[in-house]
Amino acid sequence: SLDIEFPEGLVIITGQTGAGKSILLGAISLLFGAKADASLLLDAAKNCVVEGEFVSADSSILTIRRLIAPSGRSRCFVNDAPVQISTLSKLSDKLIDIHSQHNSLLLTDNAYQLSVLDKFAGDRDTLMECRKTWGLKLKAAARLEELTSRLQAFNRDRDYNLSQLEELQKANLREGELEELEAEHESLSNAESILEALNQVNSALEGSEAQPSVASALKEASRQLQHISRYFPSAQELIERLDSSRVEIEDILSELDSSRRNFDMSPQRLEQLEQRLSLIYTLLKKHSCPDVAALIQLRGSLSEGFEDSSKLEEEIEETKAVLEGLEKNYSSLSKTLSDLREQAAAPFAERIEESLRFLELDGASFRVKVERGKCGSDGCDRVSFLFSSNSNSEPRELQKVASGGELSRIMLCLKALMAEFTQMPTLIFDEIDTGVSGSVADKMGSMITAMGNHMQVFSITHLPQVA
């Protein structure tokens, strides 16, 4: 295990290659979200724990701990509260700036050059607002595209949907109608059989000249029982039952008579029923609906679709207005950013050029070119650092002309300048002196020492001049 506390100001970590100078850098990188490699654990049966205490720019103390299991999985904590690994990466932007051996290549990245110039220009608030507006603009544009596609899809089928809706509305369907119509159709289709049966039942109950009606027979039976009721106690109960049956028979006869008189054997009505049933059956088949309720639901959906299309048109107009406002705002913000960058470009280049001369690049020229580029979250500018190591040649894009040693010196100049603007509590240089030696290394050491006067600076180096 290793437990160490570092002082404020400049901290030099030096030694020959392989001495373990980068242990510190590896541990800090893990604390700020670097990928953990379980194969590097010395004891595969034990967890690896890395913990660091940091003082932020506002003087608050943050304790960050990361536990790495032999399986490669890890858990992260900030002030003993579990956090996602992405949180550690976000914290690194506020607590520490690590310059590793290969970070000088970032100088050749136009996006990095833009970010460096923005820090010098002090346009953070405008930049944040521009990024926010760009995001909102993209969302509004996507929403407008979605709404327009939906409306176009609806309009392609508008005539067809309208004809379907008008047909269903004209049909004037109601739930339960099909069952009622089918029952009535069944009845009319068997009208003769039904009427014949009703007549026969009526004749059987009403009787004839030779045979009294059922009601008369029941009445006579009741009268006979009345005669013997004094001698036969059970007669009264039988009389009551016969009277009840007679009343029921009379009611049945009345209902039969009403049914016979009101029974509709009209061929016209049968034709109406068949036409109505044919219409409903056709609609059910056409729309692949199982019942009338589904047709009614389809009618409602089509009607709502036309209402929704009107709402879509309104929302499209509203979204267009929002998008237009965002585009104007974005255009204004990107213009402001461009102006700020243009204003900062010359003084920024002068400061870098001055530092480069201090590092014995006496004939060096450094320029910042701000030109129109592809619009994005950071505005519409493309920033290029132009460099020439001697006064006899025109500055060209950094990545095309600078050597490794020159890139190291330029990066140190940038870091020294940015330290004045970013308020980063800690800066780590991992062999930023790669490719330099002699008196240049001495001066790089002096520049790093000066940076340590107002921030904590770690310099991992194998050069005695820097150390």
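- Residues Asp381 and Leu117 fail the side-chain proximity criterion, which asks for heavy atoms closer than 4.5 Å.
- Using modelled atom types, one finds a donor on one side chain and an acceptor on the other under 3.5 Å when comparing Glu406 with Ser403.
- Summarising the geometry of Gln456 relative to Pro7, their closest heavy-atom pair is NE2-O, 2.8 Å, with the distance given to 0.1 Å.
- In this structure, the side chains of Val55 and Ser60 stay at 4.5 Å or more apart for every pair of heavy atoms.
- Atoms CG and OG, on Leu356 and Ser389 in that order, are 10.5 Å from each other to the nearest 0.5 Å.
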Kindly determine whether Lys415 and Asp97 satisfy salt bridge (Lys or Arg N to Asp or Glu O under 4.0 Å), including the steps that lead there. CA-CA 9 Å; Lys415 292 292 183 179; Asp97 181 7; 2.8 Å; yes
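- Remark: side-chain polar atoms of Thr87 are not paired, donor with acceptor, to backbone N or O of Val83 under 3.5 angstrom.
- No donor-acceptor distance shorter than 3.5 angstrom exists from the side chain of Ser332 to the backbone of Asn329, with no hydrogens or angles considered.
- Note: Thr148 OG1 to Glu313 CD = 11.0 Å, rounded to the nearest 0.5 Å.
- Side-chain atoms of Asn79 come within 3.5 Å of backbone N or O of Thr63 as a donor-acceptor pair.
- A donor-acceptor pair is defined here as one N or O able to donate and one able to accept, closer than 3.5 Å; no such pair exists between the side chain of Arg66 and the backbone of Leu31.
- Ion pairing of Glu167 with Lys286 is present here, as a side-chain N (NZ or NE/NH1/NH2) and a carboxylate O approach within less than 4.0 Å.
- Scanning all heavy atoms of the two residues, the minimum distance from Leu295 to Leu284 falls at CD1-CD2, 3.5 Å.
- From Leu412, atom CG reaches atom CE of Met444 across 4.5 Å, with rounding to the nearest 0.5 Å.
- In summary, Glu324 and Lys328 engage in a salt bridge, as defined by a charged side-chain N under 4.0 Å from a carboxylate O.
- In summary, Glu146 and Arg143 engage in a salt bridge, as defined by a charged side-chain N under 4.0 Å from a carboxylate O.
- A salt bridge links Glu353 with Arg367: at least one charged nitrogen is closer than 4.0 Å to a carboxylate oxygen.
- Within the structure, ring-ring contact (aromatic ring centres under 6.0 Å, His included) pairs that include any residue of residues 367-420 comprise Phe348-Phe385, Phe366-Phe385 (at least two apart or interchain).
- Few gaps surround CD on Gln275; more than 12 heavy atoms of other groups in view lie less than 6.0 Å from it.
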CA sep, side-chain torsions, deciding dist, call: Phe6, Phe458, ring pair (Phe, Tyr, Trp, His ring centres under 6.0 Å): CA-CA 9 Å; Phe6 296 100; Phe458 289 83; 4.8 Å; yes
Could you walk me through whether Val292 and Glu175 pass the side chain to side chain contact (heavy atoms under 4.5 Å, CB included) check? CA-CA 6 Å; Val292 173; Glu175 288 194 33; 5.5 Å; no
Between Leu91 and Leu62, does a side chain to side chain contact (heavy atoms under 4.5 Å, CB included) hold up when you go through it step by step? CA-CA 10 Å; Leu91 282 175; Leu62 290 176; 4.0 Å; yes
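- Under the 4.5 Å side-chain criterion, counting only non-hydrogen atoms from C-beta, Leu361 is in contact with Arg409.
- Here Leu173 contributes atom CG and Leu168 contributes atom CG; the two are 6.5 Å apart, rounded to the nearest 0.5 Å.
- The two residues Glu397 and Ser384 have their closest heavy-atom pair at OE2-OG, 4.0 Å.
- With rounding to the nearest 0.5 Å, the separation of SG in Cys413 from CG in Leu417 is 9.0 Å.
- Under a cut-off of 6.0 angstrom, the local environment of CZ in Arg174 is crowded, with over 12 non-hydrogen atoms contributed by other residues, nucleotides or ligands.
- Pairing each heavy atom of Glu360 with each of Val440, the nearest pair is OE1-CG2, 3.4 Å.
- A donor-acceptor pair is defined here as one N or O able to donate and one able to accept, closer than 3.5 Å; such a pair exists between the side chain of Asn390 and the backbone of Asn392.
- Looking at every heavy atom in both residues, Asn110 comes nearest to Arg382 through OD1-NH2, 3.1 Å.
- Salt bridge annotation for Asp378-Arg131: present, with a cationic side-chain nitrogen under 4.0 angstrom from a carboxylate oxygen.
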Could you go through the side chain to side chain contact (heavy atoms under 4.5 Å, CB included) check for Ile460 and Phe429 one step at a time? CA-CA 6 Å; Ile460 301 173; Phe429 290 122; over 6 Å; no
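- Judged as a salt bridge (Lys or Arg N to Asp or Glu O under 4.0 Å), and not counting sequence neighbours, the contacts of Asp80 are Arg65.
- Taking the side chain as every heavy atom from C-beta outward, Met447 and Ser355 approach each other to under 4.5 Å.
- With contacts defined as side-chain heavy-atom distances shorter than 4.5 Å, the pair Tyr330/Cys380 qualifies.
- In this structure a side-chain-to-backbone donor-acceptor pair under 3.5 Å is missing from Tyr281 to Arg276.
- Within the 4.5 Å cutoff, no side-chain heavy atoms of Val457 are placed close to those of Val11.
- In Glu255, the CD atom is not crowded: 12 or fewer heavy atoms of neighbouring residues, nucleotides or ligands sit closer than 6.0 Å.
- Each of Lys335, Gln343, Arg341 was compared with Asp339 under the side-chain hydrogen bond (donor to acceptor under 3.5 Å, both in side chains) criterion, and only Lys335 meets it.
- Of the inter-residue distances, the one linking Glu315 atom CD with Leu147 atom CG reads 4.5 Å to the nearest 0.5 angstrom.
- At a threshold of 4.5 Å between non-hydrogen side-chain atoms, the residues Leu88 and Leu30 do not count as touching.
- Residues Cys375 and Arg372 approach most closely at SG-NH2, 3.6 Å, considering heavy atoms.
- The closest donor-acceptor contact from the side chain of Asp123 to the backbone of Thr126 lies at 3.5 Å or more, if one exists at all.
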For the pair Ser388 and Ser393, evaluate side chain to side chain donor-acceptor pair (under 3.5 Å) and give the outcome as yes or no after the intermediate values. CA-CA 6 Å; Ser388 171; Ser393 58; 2.6 Å; yes
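- One N or O on the side chain of Thr133 and one on the backbone of Glu129 form a donor-acceptor pair closer than 3.5 Å.
- Looking only at side-chain heavy atoms (C-beta outward), Ile96 and Leu427 stay at 4.5 Å or farther from each other.
- For the pair Ser149 (side chain) and Glu145 (backbone), a donor-acceptor distance under 3.5 Å is present.
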Please test Leu114 against Val370 for side chain to side chain contact (heavy atoms under 4.5 Å, CB included), starting from the C-alpha separation and ending with a verdict. CA-CA 9 Å; Leu114 176 65; Val370 181; over 6 Å; no
